[in-house]
There are 4 protein chains.
Amino acid sequence: MTRAPATRRAGPAKRAAASAGPRAVRGTPDETRARLVAAAGAAFEHDGYFGTDTNRIARAAGYAPGTFYKHFADKAEIFVAVYEAWIAREWDGVQAIVADARTPAEKAARIADAVLEHHRAWPGLRASLRALVATEPAIRRAHRASRRTQMMHMAELGLDDAGKNAILLLTVERIADAIADGELRELGMSDEDARVRLVAVIEERLRGR
Amino acid sequence: MTRAPATRRAGPAKRAAASAGPRAVRGTPDETRARLVAAAGAAFEHDGYFGTDTNRIARAAGYAPGTFYKHFADKAEIFVAVYEAWIAREWDGVQAIVADARTPAEKAARIADAVLEHHRAWPGLRASLRALVATEPAIRRAHRASRRTQMMHMAELGLDDAGKNAILLLTVERIADAIADGELRELGMSDEDARVRLVAVIEERLRGR
Amino acid sequence: MTRAPATRRAGPAKRAAASAGPRAVRGTPDETRARLVAAAGAAFEHDGYFGTDTNRIARAAGYAPGTFYKHFADKAEIFVAVYEAWIAREWDGVQAIVADARTPAEKAARIADAVLEHHRAWPGLRASLRALVATEPAIRRAHRASRRTQMMHMAELGLDDAGKNAILLLTVERIADAIADGELRELGMSDEDARVRLVAVIEERLRGR
Amino acid sequence: MTRAPATRRAGPAKRAAASAGPRAVRGTPDETRARLVAAAGAAFEHDGYFGTDTNRIARAAGYAPGTFYKHFADKAEIFVAVYEAWIAREWDGVQAIVADARTPAEKAARIADAVLEHHRAWPGLRASLRALVATEPAIRRAHRASRRTQMMHMAELGLDDAGKNAILLLTVERIADAIADGELRELGMSDEDARVRLVAVIEERLRGR
DNA sequence: GATGAATGAGACTTCATTCAT
DNA sequence: GATGAATGAAGTCTCATTCAT
């Protein structure tokens, strides 16, 4: 996550800055939107939600500032889009694993690894998410909705104790964030230890406990 | 040519007008600092870190904007002070309970309730904390330091598996935040259910598991 | 908890109210920049560098405060722009005179008058420059660079003793500033006397001495 | 001269800062005043007029902020005091040399060296002076008065062409400042060259030309 | 659909100066 | 005479958002 605005400015954004992005090819609205979401994801990851601005995102995607607002009502909205895409990718992975793996142990291990990798690759995005859920009503709403979707996914996976599912969800998320952020290492637990616990938590649940 | 503002000001403007706070009493720096911290705590809780500003905090404490900067280098620094005071109060409670309660079960229950109450009373502060730890290096550092202190407190309580302590810390914190934020209720778990689980997690650890 | 300013603004406020300038015409960046530089020149001359602020400059040019920072990184940068334009105009004059006048005596007299007029028209700007060269690294750098350019101009004029050129530059500048500021008058020298000396210094150099 | 605020702040001026100065010994008002002037001189030299503040000066002298205003009406007033002391020291040196040296050549050389040394030791103060003369009416007035005093000193030395005296004053001052600031070096003239010219200017005047 | 110049509220911070003790 | 906590006006700069082309 951002942690620092890096180089905040390099002088007045002379005309130069205009050509920062990947040369926006005039395309369908969907392509434009997708490019903006991708650029925003990278920017949020790298500089944090409060470390970028919508102009920069638009430029990074190869568009002018105004274009951004043709596709998103505001900054929060694109964050939600980024987050939803992120979650969807995570669950795609989980579901593929569930379909493919045999034993609960294998499933748990592979799910844990997939989740961990996904979190480790996007620590900045996760941090911004945690920040924004508390701060931006719109993002909070989207986050809640996403939780509900995830609960449904879990039910579809045959896990039927909603209470346990909820705890699992929070626990996995929290541990994965902690590992990805290196919090546990600082608390004296090796990443491998932490991973083992994460696997255990998942496996326990998969076994219905 | 004029060139200069010459005399910038003519004297402290009548204080009466703008002020909203409890009317600054000239006192010791410590009192002033304490008033600022108290006002900041309330402001962060109520409006969030990004929802207040240092001028507002100063006014709420009964001071002019400049006074704030006599006591804190910046907004982040007062947040750290607020957070540290918050944590200290929480642990004071925990330690009193540990000294007073008999059985692990009683300890666990009373600790859980104390922690929960403390989190429920300050959900906004907690949310801001989560946000800032990801975003502000200074606050991140303070948070880490505080974690270490808490680990020491746990060791002093006789809990000697650092790995388990770390997990306990994160878990309790996370569950308490979730309950306080109402996240669990939305996931279909009653607050009482959640509390029971929280007690269980603590008791399990107290029993050495 | 609230925590966030939510929607910060609702739209550009009615422009009519505060503005004082010539009513911003949407134009090319170059036009805007030129208007800002012109407004800044007048403001620096009239109120001094420390007597204006960037908001005022922007307003005087007919723009909002933010527009200033689209064109200049900070206040120092626009000062440099103003200064460079000022120097360029001075040398344009000198070069025209050199091309046009015959004898060293005529050249010296006309150059002295041109320089004097240029300094007399901008005493405030000159004063601010003297102040800032000592104080602001960026402006110091620009000033040094400008000096080097002026030395080149002198060389192009056929004056080839760099040491003498340097002294001439400083002397002319200093005397012109002193006359423009009225310093000499206060020291008991008539402006005409001072002008005669200025002419002499220049002519001496033009004759190679 | 300051050129940069160096470290602008090191955190809230906790109580620590209070003991920065040399342990103000309670003394006569004159001693207090003298300590303040000395501290201000050093501060102006080191950080520039705009790079220090009156609180810092007072602390550096070993006093509280309020004490400053018991002795000086404002910041400009102490600058004037510092400047006047500086000039007085310079002329003390010049007069001693005139009394001691024989030939115009010797006088010129020794005066030049004394002046140069005095300027080289206080470049920051000189820079601030040049800035403030243009900016602060009170300092401008004091500067003019000081010039008049210096003209009198010159007359007392037997130099009776006021016009030439004025030019000499400005020229010496300007060249000495330029050498002290390294301006001439950057323009391609060695310091020794510059010094030679300075001596020549003075000697020429001493010989009545 | 895209552009990009422009907007303007407002956050953060500084510092010369005062005044009650 | 000295103290030092407090003052508060004001300047610098940012950035989400708009709208005329």
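Throughout, protein chains are lettered first and strands after them, A, B, ... in sequence-line order, and every chain is numbered starting at 1. Hydrogens, waters and symmetry mates are skipped; everything else that's a heavy atom, side chains included, is used.
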Check your understanding: Any donor-acceptor pair under 3.5 Å joining the side chain of C:Asp74 to the base of F:dC13?
Key -> no
**Study point:** A:Ala42: side-chain contact (heavy atoms from CB on, under 4.5 Å) partners, not counting sequence neighbours
**Key:** none
Phosphate OP1/OP2 of [N] contacted by [X] side-chain N/O (<4.0 Å):
X	N	result
A:Tyr69	F:dT18	no
A:Arg56	F:dC15	no
C:Lys75	F:dT12	yes
B:Thr32	F:dA5	no
B:His71	F:dA6	yes

Output the rounded distance in Å from [atom1] ([X]) to [atom2] ([N]).
X	N	atom1	atom2	answer
C:Phe68	F:dT14	CZ	P	11 Å
D:Asp53	F:dT7	CG	P	18 Å
B:Phe79	E:dC12	CZ	C1'	18 Å
C:Tyr49	F:dT12	OH	C1'	10 Å
B:Ile57	E:dC12	CD1	P	8 Å
D:Leu36	F:dG1	CG	P	13 Å
D:Arg35	F:dA2	CZ	C1'	13 Å
B:Phe72	E:dA11	CZ	P	20 Å

Check your understanding: Of all the nucleotides listed (E:dC15, F:dC13, E:dT3), which has the minimum atom distance to the side chain of A:Ala64?
Key -> E:dT3
Check your understanding: Choosing from E:dA6, E:dG4, E:dG8, which nucleotide comes nearest the side chain of C:Pro65?
Key -> E:dG8
Practice item. Name the nucleic acid region contacted by A:Lys70, choosing base, sugar-phosphate or nothing; use a 4.0 angstrom heavy-atom cut-off, strictly under. Key: base
Check your understanding: Do D:Ser128 and D:Tyr83 have side-chain atoms, one donor and one acceptor, less than 3.5 Å apart?
Key -> no
Practice item. With DNA chain F as reference, determine whether C:Thr52 or B:Thr67 sits nearer its 5' end, using the nearest nucleotide of each. Key: B:Thr67
Check your understanding: About how many Å separate CG of B:Leu125 and NE2 of B:His46, when rounded to the nearest 0.5 Å?
Key -> 13.5 Å
**Study point:** Reported CD-to-CZ distance for the pair D:Glu77 and D:Phe68, which is rounded to 0.5 angstrom
**Key:** 8.0 Å
**Study point:** B:Tyr69 vs B:Thr54, side-chain contact (heavy atoms from CB on, under 4.5 Å): CA-CA, chis, key distance, verdict
**Key:** CA-CA 9 Å; B:Tyr69 291 91; B:Thr54 59; 3.0 Å; yes
Point to revise | For DNA chain F, stems built from three or more consecutive Watson-Crick or G-U wobble pairs below 3.5 Å | key: E:2-21 with F:2-21
Review point. Got a salt bridge between D:Arg33 and D:Asp30, using NZ or NE/NH1/NH2 to carboxylate O under 4.0 Å?
Key: no
Review point. Taking the six-membered ring for Trp, are B:Phe79 and B:Tyr49 parallel (under 30°), tilted (30 to 60°) or perpendicular (over 60°)?
Key: perpendicular
Practice item. Give the intermediate values and the outcome of side-chain contact (heavy atoms from CB on, under 4.5 Å) for residues C:Lys70 and C:Tyr63. Key: CA-CA 11 Å; C:Lys70 286 277 201 283; C:Tyr63 297 93; over 6 Å; no
Study note, to complete from the structure: Of D:Ala73 and B:Asn55, the one whose closest nucleotide on DNA chain E sits nearer the 5' end is B:Asn55
